[in-house]
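To start, the structure itself, in structure tokens.
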Amino acid sequence: MLPASYVVGLTEGEGCFLVCLRKDNRIDLRFFITQAIGNKDLLEIVREYFGVGSVYQKKSAKNGRLPAYVFEVTKRDDIFNIIIPFFKKHKLLGIKAKSFKSFCEISEIVKGRQDVRKLTLEELRFVSELKLGMNKHYGSLSAEKPLA
């Protein structure tokens, strides 16, 4: 079994907390960790650790990127009951903590409302604003040019 600190470190380096406001009005909350194709077994161990989610291969390598595998959690109950409590207990120490904080704030606002039409205009603006600040590299030289 992996130590929690290893999962936290792996998330700091290769993880993502993502909020999607889709054109069909759905709101998706996603947590994922990406690894090079040779680390599929590691992601399977992470999946076993959490007891939720799935591991799959990305469809194709784009823009010169190598093929990769992804561990992903998309079920809301799993996000609310497993992923968020885990990272609240086992704190992220780097810049990923900022995205997690926004992810938590957004998840509380949209809890029980999977459709943007169920949010007030003020809530939707707030969620959109928080979302824009997520998953930025917060001052790294390549933040605006991720392939730099």
| field | Co-members of the apolar cluster containing L132 [side chain, <4.5 Å] | value | none
| field | Residues which pass ring-ring contact (aromatic ring centres under 6.0 Å, His included) with F86, listed by chain and number, not counting sequence neighbours | value | Y49, F50, H90
| Closest non-hydrogen atom pair, F80 against K111 | CZ-CG, 3.7 Å
| query | Can you get from V7 to M1 by hopping between Ile, Leu, Val, Met, Phe, Trp and Tyr side chains that sit under 4.5 Å apart? | reply | yes
| query | Which residue pairs pass the salt bridge (Lys or Arg N to Asp or Glu O under 4.0 Å) test with at least one member in residues 119-129, sequence neighbours excluded? | reply | R113-E123
| Got a donor-acceptor contact below 3.5 angstrom from the K91 side chain to the K88 backbone? | yes
| request: With sequence neighbours left out, write down each residue that passes ring-ring contact (aromatic ring centres under 6.0 Å, His included) with F103, or none if nothing qualifies. | output: F17
| task | May I ask you to decide if D77's main-chain N or O and N81's side chain share a donor-acceptor pair within less than 3.5 Å? | result | yes
| note | Across all chains, not counting sequence neighbours, the side chain to side chain donor-acceptor pair (under 3.5 Å) partners of D24 are R22, R26
| task | May I have the step-by-step check of side-chain contact (heavy atoms from CB on, under 4.5 Å) for L43 and E48, ending in yes or no? | result | CA-CA 9 Å; L43 293 180; E48 289 172 18; over 6 Å; no
| message | Once side chain to side chain donor-acceptor pair (under 3.5 Å) is applied, do any residues pair with E72, and if so which ones, sequence neighbours excluded? | response | R30, Y56
| said: For residues I45 and F71: do they belong to one hydrophobic cluster (side chain heavy atoms under 4.5 Å, members Ile, Leu, Val, Met, Phe, Trp, Tyr)? | reply: yes
| remark: With sequence neighbours left out, the residues meeting side chain to side chain donor-acceptor pair (under 3.5 Å) with D115 are R117
| query | Rounded to the nearest 0.5 Å, how far does CG of L10 lie from CG of L2? | reply | 8.5 Å
| query | Could you state the interatomic distance from CG (L21) to OG (S128), rounded to the nearest 0.5 Å? | reply | 5.0 Å
| said: As a quick check of understanding, evaluate side-chain contact (heavy atoms from CB on, under 4.5 Å) for L29 and V110, giving each step before the final call. | reply: CA-CA 9 Å; L29 301 174; V110 303; 4.2 Å; yes
| message | Rounded to the nearest 0.5 Å, what separates atom CD1 in I109 from atom SG in C104? | response | 11.5 Å
| request: Could you grab the distance from atom NZ of K75 to atom OG of S54, nearest 0.5 Å is fine? | output: 10.5 Å
| query | Residues two or more places apart in sequence or in another chain: which of them pass side-chain contact (heavy atoms from CB on, under 4.5 Å) with K101? | reply | E105
| task | Would you give the length of the straight line joining atom CZ of F32 to atom CD of E14, rounded to the nearest 0.5 angstrom? | result | 10.5 Å
| task | Please check if the side chain of K58 supplies one atom and the backbone of P67 the other of a donor-acceptor pair under 3.5 Å. | result | no
| query | Side-chain contact, heavy-atom cut-off 4.5 Å: L93 with V8? | reply | no
| request: Could you grab the distance from atom CG of L130 to atom CD1 of I106, nearest 0.5 Å is fine? | output: 5.0 Å
| message | Using side-chain contact (heavy atoms from CB on, under 4.5 Å), reason through M134 and L18 one step at a time and then give a plain yes or no. | response | CA-CA 8 Å; M134 291 176 67; L18 187 66; 6.0 Å; no
| request: Sort and list the pairs that fulfil ring-ring contact (aromatic ring centres under 6.0 Å, His included) and have at least one residue in residues 114-136, not counting sequence neighbours. | output: none
| field | Closest contact, heavy atoms only, S107 versus I84 | value | OG-CD1, 3.3 Å
| message | Please find the pair of heavy atoms, one from P85 and one from I79, that lie closest to each other, and give the distance. | response | CD-O, 4.1 Å
| field | All side-chain contact (heavy atoms from CB on, under 4.5 Å) counterparts of E44, not counting sequence neighbours | value | K40, R47, V55
| task | With side-chain contact (heavy atoms from CB on, under 4.5 Å) as the test, would you mind laying out the steps for F87 and T11 before giving the verdict? | result | CA-CA 10 Å; F87 287 104; T11 300; 3.4 Å; yes
| task | Applying side chain to side chain donor-acceptor pair (under 3.5 Å), name anything that partners D78, two or more places apart in sequence or on another chain. | result | none
